[in-house]
Amino acid sequence: MPEQKYNPREIELKWQERWDKDSLYRTVDNDPRPKWYALTMFPYTSGDLHIGHWYAMAPSDTQARYKRMQGYNVLYPMGFDSFGLPAENAAIKRGIHPQKWTMDNIERMRKQVKSMGPMHDWSREIITCLPEYYRWNQWFFLQFYKKGIAYRTKAPVNWCPSCQTVLANEQVLSDGTCERCGTTVTHKELAQWFFKTTKYAEELLNFEGVEWPERIKTMQRNWIGRSDGVEASFGLDVPGVTEKEVRVFTTRVDTIFGVTFLVIAPEHPLVAKVTTKERTAKVQEYVEKARRSTDIERLATGREKTGVFTGAYVTNNFTNDRVPLFVADYVLPGYGTGAVMGVPAHDQRDFDFSKKYGLPIKAVIAPPEGLPKAMTEAYEDDGIMVNSGQFNGLSNTASKDAVAKFAEERRIGKRTVTYRLRDWLVSRQRYWGTPIPMIYCAKCGIVPVPESDLPIELPYDAQFKPTGESPLAYHEGFVNTTCPTCHGKARRETDTMDTFVDSSWYQFRYSSHDYQKAPFDPAKAAQWCPISQYTGGAEHANMHLLYARFFTKAARDLGLITFGEPFKRLFNQGIILGEDHEKMSKSRGNVVNPDEFVDVMGADAVRTFLMFVGPWDHGGSWSSEGLNGISRWLNRVWDLCIRDTSRLPESAPSGENSLLRITHKTIKRVTEDLDKFRFNTMVAAMMEMTNAMGRAWEDKSADRATWKKAIEALVLMLAPSTPHFAEELWEATGHGYSVHNQKWPTWDENLVIDKQITLVIQVNGKVRDRLEVPANVSEDEAKSMALASDKVMSHTKDLQVKTIVYVPGRLINIVVVG
RNA sequence: GCCGGGGUGGCGGAAUCGGCAGACGCGACGGACUUAAAAUCCGUUGGCCGCAAGGCCGUGUGGGUUCAAGUCCCACCCUCGGCACCA
């Protein structure tokens, strides 16, 4: 006999054990059913599974379970993103080894994930900090190196003084702070390893064939920042300088006749060469100051433009004008050519600069109302070209291309595409990461570690104190090695890889997590990948999600896979806030610990609450009261399910609001909501059905067979969201194990379409009456019924009926005038 | 500054091919049960007027289109997110 009372804790532990024992969720590769690969971004091993993890995982587990019931062979794996700074910082603070700290956390978090009752196939678990995983990071690195996608170069790089390591551009927020710790990022000139993400810049802009939120695609497009323009050459003639030109990049080549000065970045290689003797001191001082300033100081909008004259002049090849060459820190060394042309008449920034340094303003685009006598601001809009030689009188938009062609013919410029995207800086001066498999030999230079020597394992006994250099550099046993080429003494690369490398390809490893010959078995990857449905936070738009796309394209070009996009469909959940509607934080004291609630109310209630709280992509606020409400509902469902049906009549009228119709309508609603990730309305639909069942029981309007069918459908629909609860009720209602191997219920469209409808009667747009009519009522019939209504007549008497608007199945609007 | 999301009861949110605004839940109020409380169950719950029947107002603000606007158009305000001296 079933329990009389719903005891969540007891049944959850019972079923979790049973499912585990039976390997209910083991996914096999060779299965005739169509595949469905559902994946949630794997968690970083920070210590505890917080409510945000639950918010990310519960709905995605629900959808994966739904797909499984729909007849898909579902792969829904889980793993741990376990390399990274927090492990090292915790180790430094508390004297625990990062490895122990991490593995202990995994132990705890795995248990917490399991308490949720998800359908993960744990046999495929991935832990990125283990050599069996990270050896393949090293393998990828070697392949990338061979193909020129991994390279080492000296460059001004982002440096986080708190993390004591360099950062990729993506890991510096737009306010110039470190993505991890919020410290202001500074610059250092260092030799570092890069992955050539820019090689795929154009392809990364193309989202054909992927169903991603428009928001994320826009964010990536903004980040990549394609800009079409012209690289124009300005003549340089400084005695003793071999370079005879300065190249600038411009998107406004139509204004090139209005150039009155040129500006190069302080870091530009020409600065030292072209500066005249009498300007040297001033220029050097300016360059020094620029080097010392942070990105925030340098790039702050609205800040007054400063610069310094080099003493040199360049020639505008379009006009033969000689214009002064300036150095200014608003020109960025890494973008375009690191040099820009100054057109004060048509660029506000140049206008301000020219005012400050007394440079001439030459208008070359005339507004429709004509040029003013003296310009007070730049005219940046379109107009008619003037002072532009052969282009005079033409519209600037129409002749932009002609100017570019003209430049190309004269070999003084060429059309170019420039991207904002920079190559991915992947080396880190820290311990807890994948060692970069490179060797420095005094004789042979940079030599890659032979593949057969992989993995290069992290030495356990390192002193991982942050010094600004990798801790591995102080580990003699690690550093000292022999050159694979000449067998002489050599040193290992001691930097480790950015942990985003780990998460760039893990999605493929799940397909064949123990494959020994490559990062993944190509046959298995081809069978399972790309991912059918990926879910995770939007904060990863320009980091993980961009890197993973890059890796996929690179892996494709290595011949490992045939597709170029890792995640076919993407859904971003929102953020779960505290009870006070504020972001959860320890300092606010509003952090919710899911374990406490799971212990008392059960995982099923917590799962359901998180889905019910609002649209998934919208996020929501935690509410203990709200959770109580869910718990109350589950108890009501429990009570309904175990009732003695002999108290119901053998047969009952099957009217419009019969339980049979409600059941079919609910199946339809729940199915469609699950397809569209509308978990909140899915739960609401099941609640409405529950309420209807309560009424049907009270007024005995349902017969036994219909009641049983309704209960059966309800339990099946509950199975994805409340897996333990549904399993228990499935058994309690006389069915065989397991509810999770059942087929998803279907609906009969005939039972969903209403036979009887409520026709709303309006007079001048105001609702005055409602009539219950057959759905197939004729227009004439409906109109005469409407006009005959007492309530309508009291609003139409003494007035003249002008028109009657009839919307079949919905309403009648009687328009009267008086 | 530019791009994108969003402003609906006391609260979270439903409803957008223009057609009953407020589903569902929370909270609140009233009632039942109880010695009492909790739990549970039943009822009421956008505002205003009214004994009632009923009426008027109401989806950020101001205009507009329409028989009909939360939904469409114009202007604006607030808010969240992204990009931002990117040439």
Side-chain angles (χ1 to χ4, degrees), chain A residues 173-175 213-223 225-227 229-230 248-252 255 263 265 298-305 328-332 334-343 347-350 352-353 418-421 538-539 541-542 574-575 577 581 608-609 612-615 617-630 632-633 635-636 639 678 680-691 694 698 758-770 791 794-795 802-817:
Chain A
L173 304 181
S174 54
D175 64 354
E214 210 48 55
R215 188 165 61 112
I216 302 293
K217 292 195 280 186
T218 305
M219 280 165 79
Q220 291 203 351
R221 282 194 203 104
N222 283 346
W223 184 259
R226 177 184 161 124
S227 181
V230 167
V248 301
F249 175 74
T250 180
T251 53
R252 288 296 304 272
T255 66
V263 190
R298 187 161 162 181
L299 298 178
T301 355
R303 167 175 165 256
E304 202 183 342
K305 318 291 173 268
D329 65 1
Y330 71 80
V331 179
L332 307 172
Y335 185 77
T337 57
V340 302
M341 60 190 207
V343 185
D347 182 289
Q348 191 55 40
R349 188 188 46 195
D350 295 347
D352 297 341
F353 194 83
T418 297
Y419 300 91
R420 214 186 67 97
L421 181 74
E539 68 275 14
N542 289 339
I575 295 167
L577 304 171
H581 309 304
T608 307
F609 168 74
F612 184 62
V613 72
D617 54 352
H618 185 271
S621 303
W622 176 260
S623 161
S624 306
E625 297 290 356
L627 177 64
N628 282 339
I630 297 294
R632 271 200 287 271
W633 172 57
N635 274 294
R636 275 201 305 276
D639 173 64
R678 291 190 307 216
N680 56 330
T681 47
M682 168 197 77
V683 176
M686 292 193 286
M687 285 173 166
E688 282 184 61
M689 177 167 166
T690 310
N691 293 344
E698 284 308 313
T758 306
L759 194 66
V760 172
I761 315 300
Q762 297 182 336
V763 177
N764 283 353
K766 287 195 164 128
V767 179
R768 298 302 181 187
D769 201 2
R770 295 184 172 89
K791 289 176 184 169
S794 71
H795 288 94
K802 205 175 122 198
T803 41
I804 300 177
V805 179
Y806 176 63
V807 183
R810 289 194 180 271
L811 62 68
I812 283 177
N813 189 11
I814 301 163
V815 184
V816 291
V817 286

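First the proteins, then the strands, lettered A, B, ... as listed; each starts at 1.
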Can you tabulate the close N/O pairs, meaning under 3.5 Å, that link protein atoms to atoms of nucleotides 19-27 of chain B?
residue: B:rC20; atom: O2; partner: A:R770; partner atom: NE; Å: 2.5
residue: B:rC20; atom: O2; partner: A:R770; partner atom: NH2; Å: 2.9
residue: B:rA23; atom: O2'; partner: A:E688; partner atom: OE1; Å: 3.4
residue: B:rA23; atom: O2'; partner: A:E688; partner atom: OE2; Å: 3.0
residue: B:rG25; atom: OP1; partner: A:N691; partner atom: ND2; Å: 3.3
residue: B:rC26; atom: OP1; partner: A:R632; partner atom: NE; Å: 3.1
residue: B:rC26; atom: OP1; partner: A:R632; partner atom: NH2; Å: 2.8
residue: B:rG27; atom: OP1; partner: A:E625; partner atom: OE1; Å: 2.8
residue: B:rG27; atom: OP2; partner: A:R632; partner atom: NH2; Å: 3.2

Requested in this report: Would you mind reading off the distance between A:M219 atom CE and B:rG5 atom C1', rounded to a whole angstrom?
Outcome: 12 Å
Query raised in the report: Closer than 4.0 Å, any side-chain N/O of A:R768 to the OP1 or OP2 of B:rG55?
Result: yes
Query raised in the report: Roughly how far apart, to the nearest Å, are B:rU8 and B:rC83 at atom P?
Result: 27 Å
Query raised in the report: Within the structure shown, what part of the strands sits under 4.0 Å from A:V815 by heavy-atom distance: base, sugar-phosphate, or nothing?
Result: sugar-phosphate
Query raised in the report: In this structure, are over 12 heavy atoms from other groups packed under 6.0 Å from A:I575 atom CD1?
Result: no
Query raised in the report: Taking atom P in both B:rG22 and B:rC41, what distance in whole Å separates the two?
Result: 25 Å
Query raised in the report: Paired with B:rC56 by Watson-Crick or G-U wobble geometry, both distances under 3.5 Å: which nucleotide is it?
Result: B:rG47
Report task. Nearest whole angstrom, please: distance from the P of B:rG54 to the CG of A:D769. Result -> 10 Å
Query raised in the report: Could you give the distance from CG (A:D350) to CE (A:M341), rounded to the nearest 0.5 Å?
Result: 8.5 Å
Query raised in the report: Does the side chain of A:M687 reach to within under 4.5 Å of the side chain of A:I630, using non-hydrogen atoms?
Result: yes
Query raised in the report: Looking at CD1 of A:I814 and NE2 of A:H795, how far apart are the two atoms once the value is rounded to the nearest 0.5 Å?
Result: 11.5 Å
Query raised in the report: Would a 4.5 Å heavy-atom cut-off, applied to side chains only, mark A:V683 and A:F609 as touching?
Result: no
Query - Spacing of A:I812 atom CD1 relative to B:rA68 atom P, expressed in whole Å - result: 17 Å
Query raised in the report: Does any nucleotide pair with B:rU71 by Watson-Crick or G-U wobble geometry, both distances under 3.5 Å, and what is it?
Result: none
Query raised in the report: Can you tell me how far P in B:rG55 sits from the matching atom in B:rC42, rounded to whole Å?
Result: 31 Å
Requested in this report: Return the value, rounded to whole Å, for the distance between atom CD1 of A:I575 and atom C1' of B:rG6.
Outcome: 15 Å
Query raised in the report: If the P atom of B:rU16 is compared with that of B:rA21, how far apart are they to the nearest Å?
Result: 14 Å
Query raised in the report: Taking CD from A:Q348 and P from B:rA87, how many angstroms apart are they, rounded to a whole number?
Result: 16 Å
Query raised in the report: Between A:L627 (CG) and B:rC11 (C1'), how many Å, whole number?
Result: 16 Å
Report task. Using a 4.0 Å heavy-atom cut-off across all strands, classify A:T251 as base, sugar-phosphate, or nothing. Result -> sugar-phosphate
Report task. Answer with base, sugar-phosphate or nothing: what part of the nucleic acid does A:R226 contact at a heavy-atom distance below 4.0 Å? Result -> nothing
Query - Inter-residue atom distance A:Y806.OH - A:L811.CG, 0.5 Å rounding - result: 10.0 Å
Report task. Look through every strand shown and name the nucleotide pairing with B:rA39 as Watson-Crick or G-U wobble, where both distances are under 3.5 Å. Result -> none
Report task. Could you work out the separation of B:rA53 and B:rG46 based on their P atoms and round it to a whole Å? Result -> 15 Å
Query - N/O (side chain, A:H618) to phosphate O (OP1/OP2, B:rG5) under 4.0 Å - result: no
**Report entry** Side-chain touch A:N764/A:V815, heavy atoms, less than 4.5 angstrom
**Finding:** yes
Query raised in the report: To the nearest angstrom, how far is A:R215 atom CZ from B:rG6 atom P?
Result: 11 Å
Query - Proximity to the side chain of A:H581 - top-ranked nucleotide from B:rG82, B:rC11, B:rC85 - result: B:rC11
Query raised in the report: Can you tell me the Watson-Crick or wobble partner of B:rG22, both distances under 3.5 angstrom?
Result: none
Query raised in the report: Does B:rG63 fall in syn (glycosidic angle within 90° of 0) or anti?
Result: anti
Report task. Go ahead and name the base partner of B:rC83; Watson-Crick or wobble counts if both distances stay under 3.5 Å, otherwise write none. Result -> B:rG1
Query raised in the report: To the nearest 0.5 Å, how far apart are OG1 in A:T690 and CG in A:D639?
Result: 11.0 Å
**Report entry** Partner nucleotide, any strand, of B:rU34 [Watson-Crick/G-U, under 3.5 Å]
**Finding:** none
Query raised in the report: More 5' along RNA chain B: A:E214 or A:D347, using each one's nearest nucleotide?
Result: A:E214
**Report entry** Among B:rG55, B:rC83, B:rC85, the nucleotide that comes nearest once only the side chain of A:K305 is considered
**Finding:** B:rC85
Report task. Describe the nucleic acid contact of A:K766 in one word from base, sugar-phosphate, nothing, applying a heavy-atom distance below 4.0 Å. Result -> sugar-phosphate
Report task. Please state the C1' separation for the pair B:rC20 and B:rA28 - nearest whole angstrom. Result -> 27 Å
Query raised in the report: How close or far is atom P of B:rA87 from atom OH of A:Y419, stated in whole angstroms?
Result: 14 Å
**Report entry** Interatomic spacing from CD in A:Q220 to CG in A:L421 - rounded to 0.5 Å
**Finding:** 10.0 Å
Query raised in the report: What integer number of Å spans the C1' atoms of B:rG9 and B:rG58?
Result: 10 Å
Query raised in the report: Where the side chain of A:D347 meets the backbone of A:G342, is there a donor-acceptor pair that is under 3.5 Å apart?
Result: no
Requested in this report: Rounded to whole angstrom, note down the P distance from B:rG19 over to B:rG70.
Outcome: 10 Å
